Amino acid sequence: MLPFTAVFDSGVGGLTVLRALAQRCPRERFGYFGDNANAPYGNRSPEEIERLAFAAFRRLACHPLKAAVVACNTVTAVCVEKLRAAFSFPVFGVEPAVRPAVLRGGKVLLLATRATLESARVRALLAKTGGCVRAHCPARLAGEIEKNIFSLARADVEGCLAPLSRGGYDAVVLGCTHYVFVKERIEKALGCPAFDGNVGTADHFAASMNICSKITKKEGAIAPFFLGKAAKHNKNVYFSLK
Ligand code: DGL
């Protein structure tokens with residue numbers, strides 16, 4: 001097997017990051033692993049999330065890895081540093097795109113899972129924003145998206161956001177990669193633009209790994225491949241992305 005970069009999430013959410021990575025680095029080999037059987041992670045305890053993330057990484061580390069991208073805010077927030085310390089390949093994480101939202105000014109809402117919002121990492125990030133960012137966890141939202149991924153019209157996005165609809169926010173930050181699948185509906189429900197960190201993650205990855213984003217017609221792009229029990233499911237979701 002040729003060396004590749006592993007992209008990992010609890011389920012389908014990381015596919016939105018994979019798309020940004022594949023667009024930014026079309027000649028890079030990406031292998032996606034989703035732990036769909038255990039998704040969603042966000043309402044679990046930090047210990048459980050760490051245990052699941054380490055189990056996934058141990059499996060991935062059996063392959064010739066160039067690097068790994070934790071395409072999950074929850075795992076990044078809970079244990080990315082521990083993963084970095086335990087494995088010899090570079091480990092990238094994802095961060096909520098709080099900065100660009102705050103720079104616009106006004107009232108900002110961060111939406112993320114419970115585990116992400118309770119983590120020391122994200123609490124430190126919010127502390128730096130000087131109090132203009134409110135945080136909220138729509139507890140059922142990632143699960144709704146995971147469960148209804150092929151029929152998203154059925155996902156109760158608006159119901160999950162109902163307590164926030166009169167919040168008068170100027171921007172919303174999508175601090176969970178699952179939420180990117182319903183970005184437009186979140187914008188509509190809250191009446192403000194939504195920010196996700198996927199392009200920023202891909203740019204950071206490309207710059208750190210020194211990867212050129214150019215492709216020649218002759219070479220073409222390399223399609224990502226999919227690992228694990230949910231490989232076929234995740235492949236179908238990925239290739240159905242607009
Ligand atoms: N997509 C993940 C995140 O970015 C995980 C959501 C979940 O499994 O609860 O947080």
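Order of listing sets the numbers, starting from 1, for every ligand and every atom in it. Keep in mind that what you see is a predicted model, and the values were worked out from it rather than measured.
- Enclosure of atom CZ in R84 by more than 12 non-hydrogen atoms of other residues, nucleotides or ligands within 6.0 angstrom is indicated.
- Close N/O approach between H178 and ligand 1 is found [any backbone or side-chain N/O within under 3.5 Å].
- Proximity of A39 to ligand 1, defined as any heavy-atom pair under 4.0 Å, is not found for any part of the residue.
- Using a 4.0 Å cut-off to heavy atoms of D9, the atoms of ligand 1 that qualify are 1 (N), 2 (C), 5 (C).
- When the shell of 6.0 Å around CZ of R185 is examined, it contains more than 12 heavy atoms from other residues, nucleotides or ligands.
- Under a hydrophobic-cluster definition in which Ile, Leu, Val, Met, Phe, Trp and Tyr are linked whenever side-chain heavy atoms come within less than 4.5 Å, directly or via other members, V80 and F33 are assigned to the same cluster.
- Taking a cutoff of 4.0 Å between a charged side-chain nitrogen and a carboxylate oxygen, R104 and D170 do not qualify as a salt bridge.
- To the nearest 0.5 angstrom, L174 atom CG is 9.0 Å from N198 atom CG.
- Looking at T113 next to ligand 1, no N or O pair under 3.5 Å apart turns up.
- When non-hydrogen atoms are compared, ligand 1 lies under 4.0 Å from neither the backbone nor the side chain of V94.
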request  = For F87 and L60, run side-chain contact (heavy atoms from CB on, under 4.5 Å): C-alpha distance rounded to whole Å, both residues' side-chain angles, the deciding distance at 0.1 Å, then the answer.
outcome  = CA-CA 11 Å; F87 294 91; L60 289 168; over 6 Å; no
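- Of all protein heavy atoms, the one closest to atom 10 (O) of ligand 1 is T74 OG1, 2.6 Å.
- Looking at ligand 1, you won't find any N or O of N43 less than 3.5 Å from one of its N or O atoms.
- Residue-to-ligand polar distances place G42 within reach of ligand 1: an N/O pair is separated by less than 3.5 Å.
- F225 and Y32 fall into different hydrophobic clusters, where Ile, Leu, Val, Met, Phe, Trp and Tyr are joined by side-chain heavy atoms under 4.5 Å apart, directly or via other members.
- Proximity to S10 (heavy-atom distance under 4.0 Å) selects the following atoms of ligand 1: 5 (C), 6 (C), 7 (C), 8 (O).
- Protein heavy atom in closest approach to atom 7 (C) of ligand 1: Y41 N, 3.3 Å.
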